[in-house]
Each structure stands twice: as structure tokens, then as C-alpha cells.
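See below for the structure under consideration.
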Amino acid sequence: MATLNLLQAVNDALFTEMRRDERVVVFGEDVARAGGVFRTTDGLLKEFGEARVFDTPLAESGIIGIGVGMALYGLRPVAEIQFLDFIYPGFDQIVNEAAKMRYRSGGQFTCPMVIRAPYGGGIRGGHYHSQSTEAYFAHTSGLKVVIPSTPADAKGLLAASIRDPDPVIFLEPKHLYRSARGEVPEGEHVEPLGRARLVRRGEHVTLVAWGAMVPVCERSAEEAATEGVQVEVLDLRSLVPLDVDALLASVARTGRLVVVHEAARTAGFGAEVSALVAERAIEYLEAPIYRVTGYDTPFPFALENDYLPTPARVLDAVRQAVRY
Amino acid sequence: MATLNLLQAVNDALFTEMRRDERVVVFGEDVARAGGVFRTTDGLLKEFGEARVFDTPLAESGIIGIGVGMALYGLRPVAEIQFLDFIYPGFDQIVNEAAKMRYRSGGQFTCPMVIRAPYGGGIRGGHYHSQSTEAYFAHTSGLKVVIPSTPADAKGLLAASIRDPDPVIFLEPKHLYRSARGEVPEGEHVEPLGRARLVRRGEHVTLVAWGAMVPVCERSAEEAATEGVQVEVLDLRSLVPLDVDALLASVARTGRLVVVHEAARTAGFGAEVSALVAERAIEYLEAPIYRVTGYDTPFPFALENDYLPTPARVLDAVRQAVRY
Amino acid sequence: MTTEPVLQAKTAGVPPGEASTGLSLAELKHLYRTMVRTRALDERGMNLQRQGRIAFYVPSTGQEAAHIGSAFALRADDWVFPSYREPGIALLRGAPVRELVLQLYGRDLGRTRGRQMPNHFAFADLHLVSISSPIGTQIVQATGCAMAMRARGRDQVAMTWFGDGATSSNDFHVGLNFAGVYRAPVVFFCQNNGWAITLPVDRQTASTTLAVKAKAYGLPGVRVDGNDVRAVVTAARDAVDRARAGGGPTLIEAVTYRMGPHSTSDDPRRYRTEAECETWARRDPLERLRHDLEGQGAWTQAQEDEVRAAARDEVNTAVAEAEAAPSPDPRDLFEEVYAELPWNLEEQRRGLLRPGGE
Amino acid sequence: MTTEPVLQAKTAGVPPGEASTGLSLAELKHLYRTMVRTRALDERGMNLQRQGRIAFYVPSTGQEAAHIGSAFALRADDWVFPSYREPGIALLRGAPVRELVLQLYGRDLGRTRGRQMPNHFAFADLHLVSISSPIGTQIVQATGCAMAMRARGRDQVAMTWFGDGATSSNDFHVGLNFAGVYRAPVVFFCQNNGWAITLPVDRQTASTTLAVKAKAYGLPGVRVDGNDVRAVVTAARDAVDRARAGGGPTLIEAVTYRMGPHSTSDDPRRYRTEAECETWARRDPLERLRHDLEGQGAWTQAQEDEVRAAARDEVNTAVAEAEAAPSPDPRDLFEEVYAELPWNLEEQRRGLLRPGGE
Ligand SMILES: Cc1ncc(C[n+]2csc(CCOP(=O)(O)OP(=O)(O)O)c2C)c(N)n1
Ligand SMILES: Cc1ncc(C[n+]2csc(CCOP(=O)(O)OP(=O)(O)O)c2C)c(N)n1
Ligand SMILES: [Mg+2]
Ligand SMILES: [Mg+2]
């Protein structure tokens, strides 16, 4: 075990998987020579050379499209999009091509690729360096959507994503790149997709979150504990496939649910979590299902801290659920 | 009043609004000379000339991007995307530009444009002529999302969308283009955005739908009536802004909710409808909230009729809700 | 297309009918036979749709020399990324007609298992990549595939086909640009058939030709008479050889004509003249190749009759088989979305199979 | 950029310092003053970020002649669509420095009301369209705006600025293609500063120049020494006049250099050499114009001192004002998402304002 931050854990996963499987290639804007604007790909060029680690022209449609072509041929492309906010020029290749390749070809062609992107707020990045539009991808059948919140998970889930036979959108909470630190297993480490992580047990309320909202929920839970409210925190880790059993089991235990995400509320992935519970576990509910989320605005610049869910806002919803 | 089908009603709205406001321009692939692949723009070129009605090169990013530029300058562009399935090359201009223009410029620049697209299944069109990805747009703050299900609404809502000061995604259920017929007011006709239509009153269950699923729900409701179950059918008409009052009022009356849409279930807009109710009206619920939707697969070709919600599938959910 | 009207075809300097193209008589006959088989399939496909037996069809009629001639320049282990208008590529590479017809019918036995509209073929064994409707997407995929070939040290080549309309797409731009930067072994074959549904090519772009667009990416751009199969093969071989030898990508513009409608949903009389159609009917690539063969005394009426009859027969047999073949089982809806069936699809499948639905 | 290395600047045939450019001494001085003001703002902006007083900054240092010279060719009623690296356009068109600095600080008084990152200006009264980060999007918007001008029968022109990296974007391709087809009165001004963050332009594209890309769209493409303000003005006027007269769009490639980092988040020593930086330091566009003026006996050290001091002073005053200015009120979060506040935003605003949150 080494103590790494999330950024280093991503880097570690890339090194490990590239050493293990020579079909893995890494590319994107500024990833090779400079090692990425956040340095997640630092050192890869030196060890693996230009054939496997390369900088691309400025075109996300190209980055994702060549990834699809490489995956078809049998490589394991890991494409980096510099910020999730810039992925949309390549959206068509994701939604209409990568996601449907296996299905539309009757299983003849597959698209095992990973699209990595830093996402979320917290770096004073305004509209275009802060978005969290994971719901777009979660609504796209054929894709998997994976989001780590700890260094160990960043490594294990990225490794699993690279080994996965299907296209995976791997979103890295950039706010945690340096602030999340923790023990990370050395060498190969794979964390299977589709299993939530029970961050904290509690009997009164379930908080469901992912990415940078997990530590926010943890802080809320600590605060709540001082008020005698025992909060359970569930980190979904992958939105697709979703660990519905863990979700329902937790709600069955606590009878109260608050979903927390950074993205705008309307049609965010929190709605799906809520709907699943309203469909399958309503008999356990002792309170409405609350959502604490970003607002239905573009991501702001000066008012970022008002926009992002805080422990206080989460706690407020927890209190409401308990008092209901 | 004239009896028109939905396609003719769209055409009527375009004529009426173009006559009323010379800033309205219409463009897209094959819309001018040929009057559109579905003929919704038939006759416009002849009356309004090439400066206001024109064919574009094959590039959705261009179609939407020039629309943004025209709207900035003060025109009222109505851009047609030939099928919603082909909108993604222009997704960036919608999500990062049109939707954020007013906000990011502090209200100095606005983007009053309409993006029209036929959407949904029912024409044996397979993956790429059948999609209904309205949830992507509903999750994008700054956009409005409007979907008519009757000819009169097609005319009135399209007129309102063209007059709206903000960008509107206007989705036309192509399956209803010819099959939906009805009385349509002549001359100017505006149906305000953000108001649901109570299609049918009933005391036992609320069915919420939009687009081509509205007639499906109506048939279910008729069927249910023969079993003594009185079903209320609510046509949302615009997903953003949403008529939350109508939704909650109906659920308060019936105590049971089934949401129906064509799109894939996971993170579809049905989840938002469900979540709103689970948050605000859970005390009225006498049953779980069910969703009858397309499956979490790409839209299929041969098995289209198995994929699309049918009156029988909706009825099954209605029965479950009642029996619960 | 202001200065050099695209509808006026030009060869790449290869006089038609010249033996110097290096095509043997046997090869020319093979090409001809494939072109005839393709046309037979197209004619039948159009009819089947009119009879309501299949949902849709896209004909390649008039463009057989362009797409078949270009594919002829490839090895079996090269990869092909066609659009929806090149059924002849599949036939040339050995796909049985029955497989194509099963696909048109959306049958379960077809390789795409009824999941895609007609003409959206996929043959992994032929390295013929799954065709999709969105215009241009295959262009950048072909570049990526070619980059992968190079990264793996193989001497394979990728070739991709698309129309004049596709040159306006995002993916044309990025596909050619990436290919130029990485000198990927890929050949971009544009079938300029004059029209993108109802839009004539001179309203698609103001560039003088489509071939000239190669300059924007530092690539050679070649314009060839797409109805002259010899010229097409020559241009394609040149580009393929260069790519294989490490010389990088090429853009080829084949000037040709869509003699039929855009698809069975289209009526071309709404937007183009009889005269234009007649001019191009006289340039029918099948006629041209047959006259060439006849001129060399290498083709008789009996051979012609035999080839036509055989082509018709094989399509008839395939149609009969497809009509009898089963449609996909509803449970297939849920397969191959992912390698493994996740819980939600499993549950949805159970719901569908339950009487009544959910 | 294989055959004609882009880093070797060339003028569009206009010898620098030639009075034949038609620029009066007063005009040259105005240009110089604007360039100095721009540099003063950039220097201060970089410092403010280093001091942690603003979040971010993007300098234009080295590129003043290119972006200011090109904007100089426009009328006040023309529309401009810049990227994030052209603060001098706003200054030239009359934006007060205080407005720019308020924007850098994200203050409520700033025109973008604290909603955007620094350098993402917007001035409706100057027809300076809201700048966004996604590369290339403004290019096609400028085309659309120009099409609208024509449709309304106005004789205005739109000009848009972008970098070498942006030529790879989807919207470069579609923007230029649409402009060519509709002969829109738009000028595409590419500042080729040699780098897209860490990627050198010869890895961005294999084309010989960026100007040559115009050919793909049937447009004139011009390459100009972007550090020579006279050459830039000449090339831009030419293009603007043509556009205004109905002659359609032009692509101008100005060869210049980003003397500073990409932004305050970047350290260029990671990817480029000292030598390269020194070479370009000697081509500093401010120095060049000053020598030119001095050569004509039209510039004294006293004038220089006055201009520099005035530029510094106006920035200082602006900074002092911005520091004292209020930040946006949290309730502003919800405004101007739409023209009217919908129920959900109203409710969310109420929640935010309630103590405790939701
Ligand atoms: C991205 C996208 N936009 C629109 C369409 C609808 N569409 C189908 S074919 C076509 C025209 C294609 O023209 P061209 O590239 O010249 O190919 P051709 O059909 O002539 O072979 C259009 C607009 C599409 N399939 N994809
Ligand atoms: C679509 C998109 N992708 C990636 C980025 C991240 N990014 C910001 S600036 C930049 C390089 C731009 O280079 P260039 O166009 O040459 O402009 P310059 O910064 O040199 O002025 C990149 C990749 C972005 N802003 N937008
Ligand atoms: Mg064509
Ligand atoms: Mg640059």
C-alpha cells in the first residue's frame, strides 16, 4: 500500500494497465509530452513511447472517433478529454457509434474503450471547467458510467474500466485530484464495476452520492451524528451498471433517502435514484425523497460556492427527512 | 377551424409566424427546395424566398451554430434537424452556446431560436430514425423542451416557441405526423409554454405522457374504463418549463402515478417526473410510481413494436398500481 | 464547385479501356460480374420495398464502378468502412447475397440480427465494419483503425467510403486532419454522386472540387471518373500502395451519379431534371465496362445472359430464404447491449416476456 | 506545416514600415497606444492571478499587432466574435479598462455579472459577442451573424478570431464551409501563435500553412506577418472591404507568437525552448511599431513614457475600483437563465436564501 492522492492513483492505474496489456494506448490533448493539464498521464510517454502515448490535434470528435476505430481493431484505447465540458463535439461518436456498436452489428464488432475526463466544480472554473453532465451518459444505453471518489477506487475502477469489454465513461472528480488522499494497493488492483461502496453505516437516513459529493456527505454525516442522527452514506461508484441492491437495502434499513449531486437538478441522475426507490421500495419510505443538487442554472463562476451542495445544505435535507 | 394532421399544423404554424414576423427564418437539410423530408416546410420557399428559407450543407453543427449567430443578431431562426438522431454533431452549440448565452453574458446577448426535429419511433427507422433523447435537453439549464401531441398544440406551441425569448428544442412525434388529426384554429394561435393538458379526467390513476405516448395512454385509459378503472391522462406538452402544479394536483386526486415514455428508462425524463412526486406528494401516494418506457437498449429495428410501450403494457402498470 | 463543374466527369489521366491499367481480362470480368450482381440486388431491393416486403432500401445504381473498383484495390485483410450506399463492397469481398438479403429483411439469421435498417451491413470476417446512418462517422473511425494498424506494426490499410454531402461533416474534417498528422494508412474514397438527397454538390460547398479539400490536410487529392472502373482501380491502387508503404493517406474524389432515388423514401423528380438523368444514363458504368470488354472481343451476348441470369437467380434464392427465415425473438432485444446482461435489462426482459407487459 | 515552416513569418507582400498601407501617423499612434494599453492589462492580469486576487488569466502578449490590427479594419457597427486571447479588441472598440477588470474579478458590476471566468468578456454595445471557452464555436456563429446581416440587407461585416488549434475544430470546418456557400460577409482571422497549449502547430495539422485551408471552402486564404501591424491592417482591410462589397469571406492566417504562457495555469518551459522564445522576443510587435514610429521621427521617449504611464494608471485605477466592488449577490445565481424566472429556479432561490439551505 502506498498513500496517494486521486491524481496519482489514476496515473498509477494507467502505468499498471499499460504494462499489463500492450493493447492499451493513451491519447488526448496535451497528454503525452506535457503529461496532461492535471498531470494524470505524466511519465507515460517516456515509458511507453509515441506509438502508445500521443498528443492529438484539438478535436474531441477526432479523439473519440479514432478511439472507436482503434477499439474496433482490437486495441484498448484510453482517450482523455481535457475537461468534461469539452466532450460535446465528440458526443455523436459516443452516443451514436461507441454505445451502439456491439448491438447494431449483432455482436460482431465491439468498442472496448475508456473515455476519461476530469469533471465537476470546485476549481473556480466557471461554465466550461466545472460541468457534471453524467446524466447524459447514464441515459445512453450501451455505455457504462464510472465515477470514483477515493484514490483506491480511482485505481481499481479505472483498471476495471480498461479491462471492460464495453465503452466506459470514466469521470474523475477534479476537485478531489489532490485533496483526496488514501491508501492504494500497489500493482494490479481491480475494483469490479457495478458495486456501490457503503462509506458509513447509519440507521436513520441514507445519503446517496458519487464523486466529489461523497466527502461532502461524509462531513454532513459527522455533523448529523453530533445531533444524534445516524446517517448512512452510499457511494454509487458506477451509475451504469447501478448497484440497485445496495441502494434498496440501505433504504429498507433507514426508510429515508437524500440524493446528492453537483449537476443541475432537473433530469439529473438523482432523479433516477429517486425513481428507482419510488418504484421498488416505497413501502419503506418514512419521508419524501429529497434531492440536494446543483441548481437548474449553468455552472456559475463567482457564485460557485453557493451553487455547489455543501455539508450544511445536505444536513438541512437530512434534518427535514428525519423530522418529517 | 380546419381539420389538419400534425404535419400540416406544423406547416401552418411556420407560415403564420413567418407572415407575422419577418425576422423568422427557416433552414436545414432539404427544407427549402424540397420542403423537408416530411414536407413540414413545404411551400415556404415559394412564399418567402431564399433569404428566409434555405437549404444547408450537411452539418448539424453548422445548422445550429449559424442559428445561434443569427439569433444573436436579432433574427428568429427556426432550424430543422432532419431527425433528432442526427442532432449530436451540433450538441456542443446547443449545450455550451445557445443554452448559456443569456446567462454568461449577463443578459446582454440572447438566443431566441427554435430547433425543430422529428423524433420517436413507429416508422421502422431503426437506431437512427427513432430516438427520443429529450432527457438530454431537459437536463440542460437554459433550454426549453416542447413536445406537442395534437395538431392544435403543434401549431400553438410552435408559435409560442418561435416567439419565446429563449432557445427551444421543439420535438415533433413523427409517428403522429399523419395519424394525429384534429381541429386547428386558423390564423394566429399561441399555446403558452409550461402548461400541461388534462387529456382525460379519472379518479384512480394518473398517466403522465408526452408526444406519441399520449394516444397510447388514451387507449389504455379507454381499456381501463371497461374494467371500471378511471384513468386520468396528463399530456405534459413542455418538459421545461414543467407544469408541476398540474402534475401534483392530479396525483393528489388519484394517489397513483404511472409515467410513460418511449425513451430508454434509465435517467429518462420519467425519472424526473417520478422524483418530483416522490419529493412533493409522497403523502398522497397509495402505490409505487411505475414507469412504462422504452428499454435500456438502443432503439431496435425488427423488434420496434416490442420496444415501444403499448396500451397493453401501460394497462398492465395501471392494474398493478390499482391492485397495490 | 464554381470553376470546375463537378458534373463534368474527368479521369485521373487514365484513358478508359487502356490495358496499361494492369487489369487482366479475368479481373475485368470479375469486376463486371460483381457490378451486375450488385445491380441485380439493388433492383430487387427497390422492388421488395415497393411491395412492402422490406422497410426501406438505398440503391447504389450508377455508382458500381466507383465503389467496387476502389474496393478491388484492397487485400482481404485490409479493413473497409463503407456508408450505406456500397453493397458491392460486401459482394466483392465475398459476402453471400443471402446474408445481405437476410439483413434487408431484418431476420435473426442476418449478421446484424434484425437490429439495423436495411443496407446497414456488418461483416466482421470480411473486416467490413458495421455501417451506421449518421453521415461521416466512419471516416474518423477508419483513421483510428489505420493508426492502430500502424501502432501494431501491420501492413494493412483501411479504406472508407462516403458521399459528397459527407465532406461537410465534422468527421470528414477531423478524420482527414488526424490522418495527415499521423500519416495513417487510410484511403478516403468520396463518391461524389452530385447530390446529397435534394442538395446539389455546388450548394454543398464552394470549393472548386472535392479533391482539393485534401490540401487542407497536407494530403494528395485525386479526382477520377467514377464511372470508369479502370480509372477507379488505378487511382485506388495508387493510394492503397502508398498507404501500405508508409506514404500516408489520400483523398480520392470519384465523380459519379446516383441514377436512382436517394432511397425508397425519395422522389428525385422533385429536385432534378430529366435531362440530367438522361445524360448520366448514357454514362452507365456497367454499359461502359461491357462495351470495353466487347471491344476487346472478350464478351459475348451468351456470357452476358448467363451473368445476368445467375445474378437474378442468386437474389431470388436469397429472397425465398429470407422470406422463410424467422424474425428475431423478442428476448433478443436485450442481448448485446453489453457483453453481459445487467440486472435492469434482465428485469426488462422478464417484464416483456410476461403476458401483459411490465 | 511540412514544406513551409510556419514559425518563419511572412508578410502578405507588404513591406513593413511602408506608408503605402494608408495608415496615417495618428492612426499608427492610436494603434500603438492600444497595444501598450493591452500589454499593461495583460501584465497586471498575470500578476493579479499570481497574487491570488483573481482566479485565472490568459495573456495576449506578443499577439497585440495581430488582434488589434485586424479589429482596426472594422467599423463600429460591425460585429466581432473573439476568443479569450484578444482583450485588445475590446479596448480598441472603446471598452473602458474598468469594465474589463471588473470582469476579471467576477464582480457584479462587470458586464458578465461574475458569471464567467476572467477574459470571457461580452459587450453588447460594442457588438462584441460573449466569449466562451469551447474552442471554435464562435467561428460558425460569426458566419450565421454575417448571413443574418445579408438577409437583412445591411452592409455590416462580422469578424472572428481563433487560434491555430481551433483550425482542427468541427466549427472551423462548418463555419468556413457555410460562409463559402452563402458568401457571407465574414472575415476569419486565425492567430497562428505556434502553439495550442503544448502542441506545436506542425502536430496540429499536416497542411503546409493554415491559410491554404481556405481552398477547401473556395475562399481566398491570406498569410500575413502577424507581428507587423501595418501588414495586418492591410490584409484585414482588404478582406473586410471585399466582404462588405458582397465579395464573400476570407481566411487570414496571422503568423505570430504567444510570448507568455497559455494561461496562468501553464508553464511553457515544459514544452518549448528558450531559444524559440528569444527569437520571438526580438520580433515583439510593440517594439516593431515603436521603431517604425521612431524611424519616422514621430515618437519620442517622452511620448513613450506618457503612454506607458497612462496605461499603467488606468489599470491601477480599475483594479482599485474592482477590489472595492461588490461580488454578485447569491440571488443573482438564478437570474438570466431564462428571460423569466421559472418556478423551479424561483423555488431554488428561496431554498438558497433560507438559512440552512434546501
Ligand atoms: C449526421 C446526419 N445528418 C443528416 C442525415 C440525413 N441524411 C441521410 S443521407 C443524407 C445525404 C447524404 O449525402 P451524401 O453524403 O452525398 O451521400 P449519398 O446519399 O449521396 O450517397 C442525409 C442528409 C444523416 N444520415 N446523418
Ligand atoms: C473544445 C475544446 N477542447 C479543449 C479545450 C481546452 N483548451 C483550451 S485552449 C486550448 C488550446 C487552444 O489553442 P489555439 O486554438 O491555438 O489558441 P491559443 O490558446 O494558442 O490562442 C485547449 C486545448 C477547449 N477550450 N475547448
Ligand atoms: Mg451524394
Ligand atoms: Mg495557438
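What you see is a predicted model, and the numbers here were worked out from it, not measured in a lab. All chains are named by letter (A, B, ...) in the order of the sequence lines, taking the proteins before the strands, and each is independently numbered beginning at 1.
Closest heavy-atom contact between Val95(A) and Tyr88(B): CG1-CE1, 3.7 Å. Pairing each heavy atom of Phe269(A) with each of Thr266(B), the nearest pair is CE1-CG2, 4.2 Å. The heavy-atom pair separating Pro288(A) from Glu279(B) by the smallest distance is CB-O, 3.4 Å. Across all their heavy atoms, Ala135(B) and Ala267(A) have their closest contact at O-CB, 4.2 Å. The minimum heavy-atom distance between Ala264(A) and His139(B), with the atom names listed, is O-CE1, 3.2 Å.
Within a 6.0 Å radius of CZ in Arg253(B), other residues, nucleotides and ligands contribute more than 12 heavy atoms. Within 6.0 Å of OH in Tyr284(B) there are 12 or fewer heavy atoms belonging to other residues, nucleotides or ligands.
For Glu60(B), no part lies under 4.5 angstrom from a heavy atom of chain A. Residue Ser61(A) does not touch chain B at all, counting heavy-atom pairs closer than 4.5 Å. For Ala287(A), the part lying near chain B is the backbone, with the side chain staying farther off; criterion is any non-hydrogen pair under 4.5 Å.
Ring-plane geometry between Phe91(A) and Phe91(B) is classed as parallel, the angle between the planes falling under 30 degrees on a 0 to 90 degree scale with a further cut at 60. Note on ring orientation: taking the six-membered ring where Trp is involved, the planes of Tyr136(B) and Tyr136(A) are perpendicular (angle over 60°, cut-offs 30° and 60°).
Within the 4.5 Å cutoff, side-chain heavy atoms of Glu283(B) are placed close to those of Tyr324(A). No side-chain heavy atom of Leu276(A) sits less than 4.5 Å from a side-chain heavy atom of Arg265(B).
Donor-acceptor pairing under 3.5 Å is lacking for the side chains of Tyr295(A) and Ser141(B).
Summarising the geometry, atom CD1 belonging to Ile289(A) is positioned 13.0 Å from atom CZ belonging to Arg280(B); distances are rounded to the nearest 0.5 Å. Between the OH atom in Tyr103(A) and the CZ atom in Phe301(B) there is a gap of 12.5 Å [rounded to 0.5 Å]. Taking CD1 of Ile282(A) as the start and CD1 of Ile282(B) as the end, the distance is 5.0 Å to the nearest 0.5 Å. Annotation: the span from His127(A) atom NE2 to Glu97(B) atom CD amounts to 10.0 Å, rounded to 0.5 Å.
A donor-acceptor distance shorter than 3.5 angstrom exists from the side chain of Tyr128(A) to the backbone of Asn96(B), with no hydrogens or angles considered.
In terms of non-hydrogen atom pairs under 4.5 Å with chain B, the most contact-rich of Val240(A), Leu285(A), Thr140(A) is Thr140(A). By number of non-hydrogen pairs under 4.5 angstrom with chain A, the leading residue of Ala281(B), Pro300(B), Gly142(B), Ala138(B) is Ala138(B).
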